[in-house]
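Quick caveat: nothing in here was measured; it's all calculated off a predicted structure.
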Amino acid sequence: MKRLKQHIFTLLAAGMVLSPLSACTDYLDKAPESEISAEEAFKNFRNFQGFVEEMYFCVPDFVKGYWNNSFNWGDDEIIQVGINYMMGYKIDQGDFWGWQAEYDGWGAGWMDINGFDTSNPADVPNRPTLWKGAWYGIRKCNIGLANLNLLTEATQEQKDIIKGQLLFFRGWFHFELMQFFGGLPYIEEVLSGGKLTLPRLSYHECADRAAADFREAANLLPINWDNTPTGAATKGNNDLRINKIMALGYLGKNYLWAASPLMNRESTGSESYNQEYAKKASEAFGELLSLVESGQTQYSLVDFKDYKELFLTHNKGGLMPGLTEAIFRAPSTDWNRTNWGQSRDYGTSELDPRCEVGFYPCANYVNFYGMANGLPLDDPDSGFDKSHPWKDRDPRFYHDIRFDGAKVELGGNKQADPVRYAPLYTGGKMRDERRGSRTGYLNFKFIRDDFNQWDNQGADNWPSNNHIHLSYMRLADIYLMYAEATANAYGTAAGKSNNCTLSAEDAVNVVRDRAGVGHVNSSYTGSLDKFMSEVRRERAVELAFEAHRFNDLRRWLLLDKPGYIEKTSIEFQRVGDLTGIEADSSKGVNTDDPSQSEVIGYHEEVILTRNYSDKHWWLPLKVNDTKMYVEFGQNPGW
């Protein structure tokens with residue numbers, strides 16, 4: 001029982017900034033003079049906010065969970081051969097135990113590492129992770145809520161802000177666990193000993209309780225702390241602080257996940273969307289978007305010319321990416337970690353010899369990037385031409401993906417090895433399963449085009465001063481979730497929530513307009529199934545490689561379906577002479593515009609097929625935790 005108290009419903013009081021609660025004293029060895037009374041700890045806003053602040057550092061930065069880190073586990077990317085310790089590799093093999101530290105889980109270090117220390121998030125072996133951070137954070141929320149009556153030296157606004165943050169985090173930590181593990185106990189009190197019998201609730205029961213927390217938080221919190229007397233002391237530094245928009249965003253997401261086929265099946269047995277929950281999601285997102293569209297918030301979609309800075313900043317002193325589009329982000333005190341981890345992982349060992357782990361976009365996933373006219377590649381009217389496969393594609397394709405002939409730099413010396421245009425054709429220098437791309441593509445969504453030696457970055461210098469950071473939630477995601485929820489709530493692409501002027505179709509087109517992509521074609525708006533195929537494709541493209549795909553495929557009940565279990569490569573040859581330097585347009589590459597280059601023999605080959613069964617819809621819980629009491633049972637099949 002003591003292990004349960006210290007781990008699942010984590011006390012871990014030694015890691016707290018303040019430790020005033022008598023419920024924790026049995027587990028601490030400390031000098032009497034270090035004791036702080038609850039009355040002192042919670043009496044005013046400054047003290048209470050200091051207690052709340054630690055919860056922000058319980059949110060894992062999933063990009064920098066370890067030296068290298070794996071967070072895209074769907075059909076979106078594949079890891080180079082031999083890197084069998086990464087979670088993405090384990091997921092491909094059906095080994096979902098790999099998220100746990102006791103199963104070599106450091107390859108998914110943002111979910112579980114043996115240590116846990118919120119006071120030093122830059123310490124990789126001990127940084128907060130989802131499993132430990134969530135349970136620890138939930139307990140802190142309940143401690144704070146139980147002591148709100150002690151907040152006596154505060155304005156009503158300050159009391160509301162404290163309570164709103166606590167309720168948001170309690171809902172958020174539960175939600176993040178639920179989406180991976182299904183229905184769990186929803187903890188709403190300070191657990192202080194005795195026999196535990198808290199049952200695992202259904203997903204819908206958990207979602208209802210999380211929704212109550214998010215809804216109340218949204219009612220209590222300001223849109224922008226900078227515009228409040230309480231936030232004035234930290235004006236200009238409040239971007240990460242929990243606000244009304246964050247709470248509405250997660251209220252909607254929580255309801256949409258509950259409406260989704262997997263979660264609805266867990267709770268009701270039905271594999272369709274739950275219309276009631278979809279309507280609730282639509283209303284929550286509609287309330288948020290009405291505030292955004294009317295200019296009442298600090299949030300807006302960034303111009304496409306600034307798209308890169310949603311994910312990466314360079315030479316800006318560790319400035320966090322996201323601009324006006326990032327809604328909810330983890331704190332990132334260790335921004336320099338991406339110099340030695342993620343920023344190297346999207347090239348090849350020829351591009352940088354220190355690239356020890358390679359993550360490459362799967363050809364089957366790149367196919368979701370349709371044409372600039374807005375049509376998918378397989379539409380008979382799309383204009384897609386297999387002899388010119390890179391031509392007239394969605395502008396986000398050219399932003400995110402590097403294909404054969406795109407400008408890069410190989411080798412350690414540009415005079416001795418002047419290969420400048422990526423040889424990603426079958427048999428090309430970059431097509432090595434252990435040292436290069438397994439798929440024929442590179443992911444440049446999170447790195448810059450000038451990360452090469454020709455542009456004076458150099459093998460020793462090009463990764464320096466980068467900050468890769470991905471939002472848990474950004475505004476484009478809200479538009480797309482609104483579209484999905486609203487279409488399924490009202491059965492049509494023309495559906496609208498009662499509090500937003502946008503239809504489901506309009507919301508998708510808002511995101512496409514930013515990228516300069518054609519609107520959803522009328523041939524896809526006449527039926528819900530066809531429209532949803534475009535919504536799913538739009539999520540795949542706009543949110544590519546941002547850690548959404550695995551959970552999307554799961555909640556849509558598509559993870560084990562043909563077309564989603566296969567990972568493929570693209571195979572072809574350039575038209576033209578392939579000998580020589582390969583930097584001359586006469587050698588098969590259009591150096592002015594590689595998207596116009598011609599190829600022959602274009603086809604896909606399956607390089608991996610994942611074999612999943614019913615147990616793979618949910619991740620397994622830790623065995624020792626499930627043995628603590630009978631009501632906290634393991635997920636089916638594990």
Side-chain angles (χ1 to χ4, degrees), residues 72 74-78 301-312 346-347 359-379 381-408 421-422 424-425 430 437 439-449 451 476 480 508-509 511-521 524 533-546 548-549 567-572 574 589-599 602-604:
N72 290 309
D75 57 345
D76 37 6
E77 71 182 16
I78 194 166
L301 295 180
V302 306
D303 191 279
F304 196 60
K305 67 180 176 60
D306 299 317
Y307 197 61
K308 184 71 72 181
E309 289 206 17
L310 291 179
F311 322 111
L312 169 77
Y346 302 115
F359 300 91
Y360 302 107
C362 297
N364 50 279
Y365 192 81
V366 174
N367 289 341
F368 290 118
Y369 290 82
M371 304 298 285
N373 59 22
L375 288 169
L377 299 187
D378 58 1
D379 188 288
D381 297 322
S382 71
F384 178 65
D385 175 9
K386 288 187 176 182
S387 65
H388 294 85
W390 333 124
K391 185 178 179 180
D392 298 330
R393 299 287 288 272
D394 183 322
R396 291 168 293 187
F397 170 79
Y398 303 113
H399 177 277
D400 295 356
I401 305 298
R402 291 299 171 267
F403 49 91
D404 183 62
K407 188 172 75 171
V408 295
Y421 298 92
L424 287 166
Y425 57 87
M430 270 188 154
S437 173
T439 68
Y441 293 114
L442 300 176
N443 180 357
F444 266 56
K445 187 169 186 175
F446 310 134
I447 58 176
R448 289 162 46 117
D449 286 332
F451 285 179
L480 297 180
V508 176
N509 289 333
V511 178
R512 290 192 175 189
D513 283 344
R514 186 259 295 279
V517 184
H519 285 188
V520 179
N521 191 276
Y524 292 90
S533 72
E534 282 294 88
V535 171
R536 288 192 292 267
R537 189 171 70 83
E538 189 64 24
R539 282 187 68 81
V541 174
E542 176 62 31
L543 304 176
F545 315 115
E546 296 179 47
H548 294 281
R549 184 65 172 177
K567 295 191 173 186
T568 68
S569 64
I570 201 73
E571 306 298 334
F572 62 92
R574 293 174 179 171
V589 173
N590 185 327
T591 56
D592 293 326
D593 185 0
S595 72
Q596 306 299 309
S597 296
E598 184 178 358
V599 305
Y602 177 97
H603 67 283
E604 289 180 62

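Between the CZ atom in Phe572 and the OG atom in Ser387 there is a gap of 12.5 Å [rounded to 0.5 Å]. Here the CG-OH distance, from Leu312 to Tyr307, works out to 13.5 Å after rounding to the nearest 0.5 Å. Going from atom NZ of Lys308 over to atom NZ of Lys445 covers 9.5 Å, rounded to the nearest 0.5 Å. Once rounded to the nearest 0.5 Å, the distance linking OG of Ser569 with OH of Tyr360 reads 14.0 Å. Interatomic distance, CZ of Arg539 versus CG of Leu480, reported as 6.0 Å (0.5 Å rounding). With values rounded to the nearest 0.5 angstrom, Asn364 atom CG is found 9.0 Å from Asp76 atom CG.
With hydrogens and angles disregarded, a donor-acceptor distance shorter than 3.5 Å links the side chain of Arg512 to the backbone of Gly518.
Shown here for Val366 and Ile401, the closest heavy-atom pair between the two residues is CG2-CD1, 4.1 Å. Scanning all heavy atoms of the two residues, the minimum distance from Glu542 to Glu546 falls at O-OE2, 3.3 Å. Nearest approach of Arg393 to Gly370, heavy atoms of both residues: NE-O, 3.4 Å. In plain terms, the two heavy atoms of Val517 and Asp394 that are nearest each other are CG2-OD1, 3.2 Å. The two residues Gly374 and Glu534 have their closest heavy-atom pair at O-OE2, 3.6 Å. Here the closest heavy-atom approach between residue Met371 and residue Lys391 is recorded as CE-O, 3.5 Å.
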Step by step, work out the side chain to side chain contact (heavy atoms under 4.5 Å, CB included) result for Leu442 and Met430. CA-CA 10 Å; Leu442 300 176; Met430 270 188 154; 3.9 Å; yes
Step-by-step side chain to side chain contact (heavy atoms under 4.5 Å, CB included) determination, Phe397 to Val541: CA-CA 8 Å; Phe397 170 79; Val541 174; over 6 Å; no
Stepwise side chain to side chain contact (heavy atoms under 4.5 Å, CB included) test for Asp513 and His519: CA-CA 8 Å; Asp513 283 344; His519 285 188; 2.7 Å; yes
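A 4.5 Å side-chain heavy-atom check between Tyr398 and Phe444 finds every atom pair outside the cut-off. Using a 4.5 Å cut-off on side-chain heavy atoms (C-beta onward), Thr439 and Lys567 make no contact. By the 4.5 Å heavy-atom criterion applied to side chains, Pro594 and Trp390 are not counted as neighbours. Side chains of Cys362 and Asp75 form no contact here, defined as non-hydrogen atoms less than 4.5 Å apart.
A tilted orientation is assigned to the rings of Tyr365 and Phe545, their planes being inclined by 30° to 60°. Ring geometry, Tyr602 versus Phe384: the interplanar angle exceeds 60°, so the pair is classed perpendicular (tilted spans 30 to 60°).
Tyr369 is linked by a ring pair (Phe, Tyr, Trp, His ring centres under 6.0 Å) to nothing, counting only residues two or more places apart in sequence or in another chain.
Salt-bridge formation is not detected for the pair Glu77/Arg549: no Lys NZ or Arg NE/NH1/NH2 atom is positioned less than 4.0 Å from an Asp or Glu carboxylate oxygen.
Tyr441 pairs in a side-chain contact (heavy atoms from CB on, under 4.5 Å) with only one of the listed residues (Asp404, Asp400, Ile570, Leu424), which is Ile570.
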